[in-house]
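Note that the numbering runs from 1 along the sequence shown for the chain. For the numbers below, each heavy atom of this structure counts, side chains included, while hydrogens, waters and symmetry mates do not.
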Amino acid sequence: MASTTVRYWFKRLLMLLVAIIIIIPLGGYVALKALDMNDFKPQLEALAEKYTGRKTTIEGDIEIAVGLTPTLKMHGIVIANSEWGKAPALLKAGTVAVTTDLMPLLRKQLLLRTLEMDGITLYLEASGKKKNWNILSSMDKAKQEAKTGEPPEAKSERSVSAVLGDLDFKNIAIVYDDGKRKKPIRVSIPQVAIVAGDKVDIAADMAAGSLKGDLRIKAANLDALIGGVAEIAFHTKDTPDLDFSMEGKFSELKTPTPDFDMQVKAEGKNLMAFAPLTSTPMPEIPPFSFSGHLKGSSKKITVPKFSLKMDGTSINGNATIKTGNTPYVSAVLTIPEITIPKSEKKVESKPFVLETKPLASADADLDYTIGKLIYGDLVLSDMKGKAHLKDGVLDADPLSFMAAGGEVKAGLHIRHDPSSPDVRFRLGTDNVMLGQLLRQLGTSDNIRDGNTTVSLKGSASGKTQDALLASLDGSAKLFVGDAVYEKPPALAKAGDFLNLLKGGSGSSEINLTCIAAKFDIADGNAKSEYMMLETNSARVAGKGSINLAAKKLNLTLSPSSKTVGLADLVVPVVVKGKWTNPTIAPDPAGTAVTIGKVAASFTGVGLAAVLGESFLDKTGVTRGENHCAAGSAIVPAAAAPAAGGEASKPEPENAKEYYEQEKDAVKKNIKNIEDDVRDQFKIH
């Protein structure tokens, strides 16, 4: 019905242009030459207003060349705009010339040999659902047309047929303003030629700002073109920094949401050439190339297969995009490799602010696979993940990838809130080599090996880093096995402590058999009642807290040698202050966190009771192995009485008591050494 209506009104407009020929007596050739055609302006203008519903003015002269193929030429035609429109007119035409045959008119057939228009400016405006190009003259006609399927006058003029010949339009300017952009879109077309026949073929040069190109439109016939079914091809030329082409089929072009099925290719340094065609600023993007098959309409675009290269990164996949107040994107993406440039320049650090407003601007479902993600020396591989974004809530879960020889699994949940967003996260590692990871991150090159298993869970709220850390609740578990600390720092105040870890061998390395720790986090304060470090020669128990928001440590580390000797006299070490520059000093009067004390809470159940059996299973450590488990289960709080011997002394409360308790035994050991030396060298 809509197609019939458009065809009818198109023919009516063409008939309007030659109405003067129809109303002049065919036999009055001499009279025709004597007529001043300008006298017919009021009639023609009234007839045009009747058919279009808009005031039509012929500002220039009207000329006629009589003959069997007369030509009517009118200058300065103006069709008024809608009352609500801002443009000066709907249409302005400098010259309109129509050539027709007189003889077919006797058979009620309108044969237009040519229709030529020069100097055309078409002003298209939209405001909400209103379109200024709707030129039906009255609502009554529209209502009757909706009921009957044809205009009210169609029945009386149904017997008049029209045949369209060649069309030639020159110097066309189209101005489109939908009220959503700062400046209207302006498109210039030097010429459009339509050759008479079954097929319509439009070839035109097009320019909109810096965007220039060749436009080709093909349709099966004029009815198809008017109905909005056509093949369209566009290729840029002489457009700075952009090579763009599209070829495909369109339908329902006459509607605001035409359907299309096309192939698109684009390559360039940016998208700024498209700026005059959009109502929003173009995003800044690096050099790119795109190739894809696009289907759908402006409301829903399906890209069943595409390839995008941007800044050295290739992205392949398929996607569906729904437009509207809240756009929706669904995509499955495969990315072989991403390299993120690492700037060598020192960037001034800025306070971290979690901005979640973009989460509320669109909804999305993403399923992605990344072969490698490279940032400097850091390499993450086999990355797989899913992300769901709905109503400002992002769930990026699950996410998994390989890093430093091991597997990392993670998940992230963020809820948009203008003042205090909510964040939840989880992170787990399995068999990640700590030394390799630290070197890739550029954090430290002093650690070698170190099979690491981590379990981290937490939730927080706030926009700034300090607010997030201060509100953090959660837990953290850590296990590192068989690491080597190369070139440990020379800490004068903790020299004995480091010598104990080295085993007194004079080596420049510390062999860390294992490190285990568990933290409970509440309101940004991470507290641990269990930290254990074990080397070939010693064990170190620890406890204390870390204030995450204030970035402060307060830890006490107490060593114990695996062999009896002077090293057992090393007092606890206290680590305090900012974690970027802590103070490390012995605390001879402080409470010793001894191996026995740590074990007191866990005797008989071992490390599994502290870190959890499922977590411990990932580390490859069993209860029977001497990896930190010895500190929590094997070494008792107080040794049991030996058979036939006296009971062991109670455990000292601090290092001073420990020294007082053991000094006699130490003196005795020194005396025995002295006696051995005297006997060896016969000194008495």
State, to 0.1 Å, how close [X] and [Y] come at their nearest heavy-atom pair, and which atoms those are.
X    : Y    : result
M531 : A517 : CG-CB, 3.9 Å
S420 : G462 : OG-N, 3.3 Å
N270 : F288 : O-CE2, 3.6 Å
D482 : D449 : O-CB, 3.4 Å
L469 : L548 : CD1-O, 3.4 Å
L427 : A410 : CD1-CB, 4.0 Å

Side-chain donor or acceptor of [X] paired with backbone N/O of [Y] under 3.5 Å:
X    : Y    : result
K578 : A550 : yes
S471 : D523 : no
T302 : P304 : no
S528 : K518 : yes
T464 : A467 : yes
H416 : T356 : yes

K357, NZ atom: more than 12 neighbouring heavy atoms under 6.0 Å: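 Open.
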Pairs flagged by salt bridge (charged side-chain N to carboxylate O under 4.0 Å, His left out) wherever residues 362-387 is involved - sequence neighbours left out: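 Output for this query lists D363-K390.
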Short side-chain donor-acceptor distance under 3.5 Å, D417 and S419: yes
Donor on one side chain, acceptor on other, S459 and D473, under 3.5 Å: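 Their side chains do not contain a donor-acceptor pair, so the 3.5 Å distance test is not met.
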side-chain contact (heavy atoms from CB on, under 4.5 Å) between L373 and M383, intermediate numbers included: CA-CA 8 Å; L373 191 153; M383 182 176 292; 4.3 Å; yes
Side-chain heavy-atom pair N316, F306 within 4.5 angstrom cut-off: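 No, every pair of side-chain atoms sits at 4.5 Å or beyond.
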Check: F425 and L472 side chains under 4.5 Å, non-hydrogen atoms: yes
Give, for atom [atom1] of [X] and atom [atom2] of [Y], the distance between the pair rounded to the nearest 0.5 Å.
X    : Y    : atom1 : atom2 : result
S361 : N325 : OG    : CG    : 12.5 Å
M402 : N431 : CE    : CG    : 8.5 Å
K543 : N554 : NZ    : CG    : 10.5 Å
L389 : Y328 : CG    : OH    : 10.0 Å
N318 : K305 : CG    : NZ    : 10.5 Å
L434 : L512 : CG    : CG    : 9.5 Å

D391/R415 ion pair, N-O < 4.0 Å: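 Between R415 and D391 there is no salt bridge, as every charged N stays at least 4.0 Å from the carboxylate O atoms.
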Short N-O contact, K463 and E355, less than 4.0 angstrom: yes
Sole candidate of H413, R426, K409 that passes side-chain hydrogen bond (donor to acceptor under 3.5 Å, both in side chains) when paired with D397: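 Checked H413, R426, K409 against D397; only one passes side-chain hydrogen bond (donor to acceptor under 3.5 Å, both in side chains): R426.
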